[in-house]
Amino acid sequence: MNNQKNTLTIIAHSIILIIIWVSPFFVPWYVIAIGIAAYYIQLMTIGDCILTKVQFQTTKRETTFYTFIFNKLGLHPNPRRMVLISDYVLPWIVLAIAIAKDIITA
């Protein structure tokens with residue numbers, strides 16, 4: 001049962017990340033900004049991404065789904081660095097892509 005729960009969590013995590021990365025092409029930038037704010041509120045109140053807590057049974061922000069994927073691919077990034085990148089770089093890249101798309105298509 002635990003393996004099935006973990007598989008469902010991996011699938012959910014994957015789908016959510018795919019949606020996040022394609023969202024700049026379908027969602028207005030301000031909705032993405034609201035999503036980023038909600039993500040930061042989740043980190044402040046819960047201490048981690050909900051799916052990450054479920055998948056890795058973490059008690060504090062010590063790993064990310066990106067780290068999990070890279071490890072599966074045979075790459076072994078620094079987990080702490082990946083936390084910083086996934087929290088403070090990647091959300092802003094997604095927002096920047098959305099803003100650039102809006103500027104280009106205006």
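From a predicted model like this one, the values you see are computed outputs, not experimental measurements. No hydrogens, no waters, no symmetry mates; every other heavy atom, side chains included, goes into these values. Count residues from 1 along the sequence.
The closest side-chain heavy-atom distance from T63 to T58 is below 4.5 Å. Taking 4.5 Å as the limit, some side-chain heavy atom of P77 sits within range of a side-chain heavy atom of M82. Taking 4.5 Å as the limit, every side-chain heavy atom of H76 sits out of range of all side-chain heavy atoms of T67. When side chains are defined from C-beta on, Q55 does not count as touching C49, because their heavy atoms never get closer than 4.5 Å.
The hydrophobic clustering, which links ILVMFWY residues whose side-chain heavy atoms are closer than 4.5 Å, places I34 and Y39 apart. Put simply, F25 and I93 are part of the same group of oily side chains (I, L, V, M, F, W, Y) that touch within less than 4.5 Å, one to the next.
Test I32, I36, I20 against P91 for side-chain contact (heavy atoms from CB on, under 4.5 Å) and you get one pass: I36.
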(request) Please step through ring pair (Phe, Tyr, Trp, His ring centres under 6.0 Å) for the pair F65 and F56, ending with a clear verdict. (result) CA-CA 9 Å; F65 189 69; F56 304 113; 7.2 Å; no

(request) Dump the intermediate steps for side-chain contact (heavy atoms from CB on, under 4.5 Å) on F68 and I10, then the final yes or no. (result) CA-CA 10 Å; F68 170 77; I10 291 169; 3.6 Å; yes

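We find that D48 and K53 are not joined by a salt bridge, their nearest charged nitrogen and carboxylate oxygen being 4.0 Å or further apart.
Expressed to the nearest 0.5 Å, how far OG1 of T64 lies from CZ of R81 amounts to 13.0 Å. Within the model, atoms CG of L95 and CG of L90 stand 12.5 Å from one another, a figure rounded to the nearest 0.5 Å.
Within a 6.0 Å radius of OH in Y40, other residues, nucleotides and ligands contribute more than 12 heavy atoms.
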